[in-house]
Amino acid sequence: MNHPEPHKQPVTTLTGIGSQSAARLEKLGIHTLQDLLFHLPLRYQDRSRITAISQLSPGMTTLVCGSVEFTDSIQRGRPSVICRIADDSGSLSIRFFHFSVQQSQQLKPGTLLGCFGEIRYGYNGLEMVHPEYKIVSAAEQLLESTLTPVYPLTEGISQSALRKAIKQALALCLASDNAIKDWLPANLLTEHAYPSLNDALQTLHNPPPHMSAEIISGGSLPALKRLVFEEFLAHHLALLQGKLAYKSWQSPIFKIDQAAKRAFLKSLPFQLTSAQQRVSTEIEADCHLAQPMLRLVQGDVGSGKTVVAALASLLALNSGYQVAIMAPTELLAEQHFRNFSLWFAETGHQVLFLTGQLKGKSRQATLDALADGSANIVIGTHALFQDSVHFHKLGLIVIDEQHRFGVHQRLALREKGQHGGLRPHQLIMTATPIPRTLAMLQYSDLDISIIDELPPGRKPIATSVISSERREEVIGRIEHWVAQQRQAYWVCTLIEESEALQCEAAEKTAAYLCQALPNVRVGLVHGRMKAAEKDAVMQAFKNRDCDLLVATTVIEVGVDVPNAGLMIIENPERLGLSQLHQLRGRVGRGNQDSYCLLLYQAPLSQAGKQRLAILKESNDGFVIAEKDLELRGPGEVMGTRQTGQMQFKIADLSRDSDLLELIPAAAQLIHRQHPDAIQPLIQRWIGHSRHYAEV
Ligand SMILES: Nc1ncnc2c1ncn2[C@@H]1O[C@H](COP(=O)(O)OP(=O)(O)OP(=O)(O)O)[C@@H](O)[C@H]1O
């Protein structure tokens with residue numbers, strides 16, 4: 001093949017890969033030769049030397065070679081064939097299953113047999129069970145000059161077929177005049193002592209035998225580090241690219257109406273903290289430019305992000321633009337709706353509510369009001385960005401709790417929000433402090449503001465870790481608490497994926513608590529209730545018509561009832577620390593004492609207790625997020641709970657996160673000195689994802 005870019009050729013150009021195998025390889029995400037090159041081994045086998053039989057011990061996976069002494073069929077237990085081989089140092093039983101008569105006949109006494117497999121204890125001492133084997137005329141024929149790669153497979157593709165395909169791909173793509181281009185500049189490679197792309201791929205697919213398999217798969221090998229580095233860099237560049245692309249659009253310039261701002265602030269029952277003021281000023285500066293704002297506001301639970309969003313909205317409204325505010329749950333959307341309706345009541349701006357639950361005529365009326373501009377602010381869930389929603393003049397999008405939506409959704413929304421040649425400003429709010437290194441991957445397309453101060457008078461939430469064996473005692477405490485005119489939450493957590501089970505548990509708990517606490521007015525809220533029902537319960541709780549709110553984790557974000565100062569969280573051991581911190585943040589929102597009881601299911605491991613103790617010791621979301629990262633590793637923290645998280649081909653966050661901090665400087669260097677490398681790097685690792693590159 002003399003293709004100028006052989007790595008872009010489909011796998012069917014290889015000998016032995018027909019359309020059927022190609023379809024199977026697609027399941028591994030392999031379409032082109034380059035995909036094959038980046039399909040790295042899971043581990044390696046050492047077939048570069050033969051182990052003498054006398055040196056074998058159980059658990060070893062190794063190559064042995066000996067001449068056959070005898071071969072016997074065994075009918076006892078699972079039918080098998082036992083072949084005894086011997087070298088100069090001793091003899092070993094090899095046990096085969098599913099062996100045909102023909103296969104056993106090949107193993108005649110005196111035949112030289114090489115076997116690769118694991119050594120175990122058998123009936124008669126050590127044995128090797130069902131190894132890969134080869135009949136040879138000399139032991140040297142068994143030896144391989146490099147470690148043997150073991151690749152992740154898919155049904156219908158054997159290890160040897162994949163090895164052959166990758167070998168061919170390497171030969172075609174890495175031949176000197178056809179080499180796959182190395183887009184990392186030489187000075188970057190030298191700085192980090194990384195090998196070239198060509199060398200890295202050769203090494204990873206065919207490492208020399210002196211490299212230990214652990215070093216390779218443990219992530220400390222420069223060849224692997226280099227590829228991971230390149231992959232992280234590509235993701236970072238893609239996000240930056242998205243930011244630059246968005247920033248190159250025109251957006252409305254919001255004027256700052258000082259009198260309106262003063263009047264608005266005066267109508268609030270509190271004064272802004274200096275952190276809220278600082279962040280508001282940063283937002284004003286962004287929105288005063290003709291390029292769109294892309295700003296993330298990070299603030300710990302209860303730090304007062306909502307009012308900052310309201311001030312940003314005021315800017316848009318006073319400049320004649322509409323505002324869309326998206327919250328991750330109906331509950332939170334409803335709460336924002338109530339707050340905004342109250343705050344903007346005097347200003348004459350119309351605030352509307354739109355969720356998937358809104359149907360028929362009222363939905364149509366809302367859509368009409370947004371389209372003709374009679375509605376100024378709309379608050380809702382994902383439903384805001386459905387195709388049927390058209391804005392008259394959308395100037396600002398606020399996305400609350402954005403970590404729930406993930407990178408891809410955020411970028412998709414950015415695209416949807418455009419109108420009339422102008423792109424709306426975007427403000428993104430999150431209460432989940434993401435450790436700095438991970439923020440680099442999640443948020444490098446955003447400017448970040450941090451509200452690092454809580455409103456005055458907040459007291460730390462006293463947190464206790466209590467065994468579920470003391471459940472009755474805890475229930476007694478609620479009675480006492482409610483008698484003091486305070487309110488409480490009881491949060492039921494179950495395996496998160498099963499919302500149905502979670503709701504069922506909450507229903508049972510509510511029924512039990514109703515019975516156990518006859519003087520306490522118990523409410524129930526869970527994800528399967530209709531919006532109107534939920535709203536009624538929440539409203540009752542807010543109005544103090546309900547003392548104890550039994551809830552699932554739907555109340556995790558945003559819910560704000562300052563008189564509720566006691567929270568019991570059942571089975572906290574099932575949740576991540578940051579999520580627990582969010583939940584706990586529902587209390588401690590006023591200036592009275594507040595408590596959180598983590599009612600764990602006994603027995604709990606030492607490590608589990610240690611994890612919960614972190615919450616007891618700290619009330620700072622950033623500290624907790626860092627500890628969570630330390631304990632669970634970035635894979636867990638970023639991975640499972642996030643939707644739309646990044647998919648990596650090679651990088652593994654739990655192994656490679658130490659490389660993340662090198663990335664911003666490398667990205668700057670590429671932007672400054674090698675801008676031509678940006679697109680190829682993005683394409684190599686991410687492809688033509690619209691979500692990243694062009695918005
Ligand atoms: N500067 C302030 N002084 C006193 N109270 C404030 C101040 N700012 C906000 N609050 C009040 O603090 C509470 C929490 O504010 P808000 O709901 O905006 O927090 P948040 O940052 O969105 O928290 P969460 O992430 O938990 O939803 C609200 O009752 C709000 O009215």
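Whatever order the structure lists them in is the order used to number ligands and atoms, beginning at 1.
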Any atom of ligand 1 sitting under 4.0 Å from a heavy atom of [X]?
| X | result |
| --- | --- |
| S303 | yes |
| G302 | yes |
| R458 | yes |

Query raised in the report: Can you check whether V307 has an N/O within less than 3.5 Å of an N/O in ligand 1?
Result: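 Among all N and O atoms of V307, none is under 3.5 Å from an N or O of ligand 1.
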Look at [X] together with [Y] and state whether they make a salt bridge at an N to O cut-off of under 4.0 Å.
| X | Y | value |
| --- | --- | --- |
| R278 | D452 | yes |
| R470 | E473 | yes |
| K534 | E334 | no |
| D447 | K243 | yes |
| K261 | E284 | yes |

Query raised in the report: Under 6.0 Å between ring centres, would you say that holds for Y321 and H425?
Result: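 Aromatic pair excluded; centres sit 6.0 Å or further apart.
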Enumerated ligand 1 atoms positioned under 4.0 Å from heavy atoms of [X]:
| X | result |
| --- | --- |
| V301 | 23 (O), 25 (O), 26 (O) |
| L272 | 1 (N) |
| T273 | 1 (N) |

Report task. Check whether any side-chain heavy atom of N571 lies under 4.5 Å from a side-chain heavy atom of L599, and answer yes or no. Result ->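 A side-chain contact under 4.5 Å is absent here.
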Requested in this report: Kindly identify the option in M429, Q271, K305 whose heavy atom sits closest to atom 1 (N) of ligand 1.
Outcome: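 Minimum heavy-atom distance to atom 1 (N) of ligand 1 goes to Q271.
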Tell me the contacting part of [X] for ligand 1: side chain, backbone, both, or neither, using a 4.0 Å heavy-atom threshold, strictly below.
| X | answer |
| --- | --- |
| Q582 | neither |
| R586 | side chain |
| I451 | neither |

Query raised in the report: Cut-off 3.5 Å, side chains only: do Q487 and N563 have a donor facing an acceptor?
Result: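 Yes, a side-chain donor-acceptor pair sits under 3.5 Å.
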